[in-house]
Asks: 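Before we start, here is the structure in question, set down as structure tokens.
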Amino acid sequence: MKRVCAWCKKEMEAPLSGTANEAVTHGICEACADSFFSDAGTALRDFLETIAVPVVVVDGSVTISAANSAALALLRKELPDVVGNKGGDVFECIYASLPGGCGATLHCSGCTIRSTVMDTYRTGRSHLRYPALLKRGKPGQPETMELLISTEKLGDVVLLRIDRIERENNGAGA
């Protein structure tokens, strides 16, 4: 699959993995990102608002530093409730409430969202429309969300995009 910068149309060299069948996908190259955010004086938050689907910005410890309005609407949260918190806490992962918290439970090692974000952070490799399950809510009242996620590294952070969401109520006691 070929990746091109949505701004300058230059082909991007970072490898891409995922389940999409499309021949071309878009991202933002490092040069355009530098120019867009510094020369134009555009804030990251303004950039995120140009993306119609939910996007959160996470660092190497999967702590959220920014989110667009679509993500805040999905999460039913305000920006101060999101920034500075671990992804599992913000997305209300059922396992984040266990001792150790987000990133430190037995379940975290198998978390597709965490492992995909961390792979992108470590390698710079983007992932496109990766299937992931999120079990969220409270014990005894879980909700399973089937997601398609995409990741892209931008400087020292990763953009985590939620491309598709399907909810399945598991009912009490499930």
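Keep in mind that what you see is a predicted model, and the values were worked out from it rather than measured.
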Asks: Write down the atom of G103, the atom of C108, and the distance for their closest heavy-atom approach.
Replies: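 Answer, listing the atom of G103 first, then C108: N-SG, 3.1 Å.
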Asks: Please identify which of these residues, T120, T116, D119, meets the side-chain hydrogen bond (donor to acceptor under 3.5 Å, both in side chains) condition with T151.
Replies: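 Filter result, single survivor: T120.
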Asks: Could you tell me whether the side chain of P131 reaches within less than 4.5 Å of the side chain of L148, counting heavy atoms only?
Replies: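 When only atoms from C-beta onward are counted, P131 and L148 do touch, with a gap below 4.5 Å.
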Asks: Do you know which two heavy atoms are closest between A52 and A70, and how far apart they sit?
Replies: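 That closest heavy-atom pairing would be O-CB, 3.6 Å.
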Asks: So do V157 and Y121 actually touch side chain to side chain, heavy atoms under 4.5 Å?
Replies: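 The answer is no; the side chains never approach within 4.5 Å.
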Asks: Ignoring hydrogens, what is the shortest heavy-atom contact between I162 and V53? Give both atom names and the distance.
Replies: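 Heavy atoms of I162 and V53 come nearest at O-CB, 3.7 Å.
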Asks: State which residues pass side chain to side chain donor-acceptor pair (under 3.5 Å) with S150; sequence neighbours excluded, sorted by chain then number.
Replies: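 If we apply the side chain to side chain donor-acceptor pair (under 3.5 Å) test to S150, skipping adjacent residues, the hits are R161, D163.
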Asks: Specify the closest pair of heavy atoms between G87 and I64, including all atoms of both residues, with the distance to one decimal.
Replies: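 Closest approach of G87 to I64: CA-CD1, 4.0 Å.
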Asks: May I ask whether L133 and L98 are part of the same hydrophobic cluster, defined by side-chain heavy atoms of I, L, V, M, F, W, Y residues being less than 4.5 angstrom apart, directly or through others?
Replies: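 The answer is no; the residues belong to distinct hydrophobic clusters.
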Asks: Please list, chain by chain and in numerical order, all residues satisfying side chain to side chain contact (heavy atoms under 4.5 Å, CB included) with M118, sequence neighbours excluded.
Replies: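 Checked M118 against side chain to side chain contact (heavy atoms under 4.5 Å, CB included); matches are V62, R114, R122.
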Asks: What side-chain hydrogen bond (donor to acceptor under 3.5 Å, both in side chains) pairs are there with at least one residue in residues 76-87, not counting sequence neighbours?
Replies: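 Sorted pair list: K77-E92.
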Asks: Run the side chain to side chain donor-acceptor pair (under 3.5 Å) test against T63 and tell me which residues pass, sequence neighbours left out.
Replies: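 Expected list: S61.
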Asks: Could you give all pairs that pass the ring pair (Phe, Tyr, Trp, His ring centres under 6.0 Å) test and reach residues 50-93, with sequence neighbours left out?
Replies: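 Residue pairs passing ring pair (Phe, Tyr, Trp, His ring centres under 6.0 Å), neighbours aside: none found.
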Asks: Once rounded to the nearest 0.5 Å, what's the spacing between atom CD of E166 and atom CG of L147?
Replies: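 If I round to the nearest 0.5 Å, the distance is 9.5 Å.
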Asks: For the residue pair A71 and V56, what are the closest heavy atoms and their distance?
Replies: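 Heavy atoms of A71 and V56 come nearest at CB-CG1, 3.9 Å.
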Asks: If you take all heavy atoms of N68 and I51, which pair is closest and at what distance?
Replies: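 Here N68 and I51 meet closest at ND2-O, 3.1 Å.
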Asks: When hydrophobic residues are tied together by side-chain contacts of less than 4.5 Å, even through go-betweens, does I165 share a cluster with L75?
Replies: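 Yes, I165 and L75 fall within the same hydrophobic cluster.
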Asks: Take M145 and L74, measure what side chain to side chain contact (heavy atoms under 4.5 Å, CB included) needs, and give me the verdict at the end.
Replies: CA-CA 12 Å; M145 295 175 76; L74 168 70; 4.1 Å; yes
Asks: Is the closest side-chain heavy-atom distance between L159 and L48 below 4.5 Å?
Replies: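 SC-SC contact between L159 and L48 confirmed.
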Asks: Applying the 4.5 Å side-chain criterion to the ILVMFWY set and letting contacts propagate, would L160 and L79 be lumped into a single cluster?
Replies: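 In one cluster: yes.
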Asks: Of all residues at least two apart in sequence or in a different chain, which pass the side chain to side chain donor-acceptor pair (under 3.5 Å) check with E49?
Replies: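 Applying side chain to side chain donor-acceptor pair (under 3.5 Å) to E49 gives R45, S69.
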Asks: Are R136 and I94 close enough that some pair of their side-chain heavy atoms sits under 4.5 Å apart?
Replies: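 R136 does not reach I94 side chain to side chain.
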Asks: Taking only residues two or more places apart in sequence or in another chain, which ones pass side chain to side chain donor-acceptor pair (under 3.5 Å) with Y95?
Replies: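 With sequence neighbours excluded, Y95 shows a side chain to side chain donor-acceptor pair (under 3.5 Å) to no residue whatsoever.
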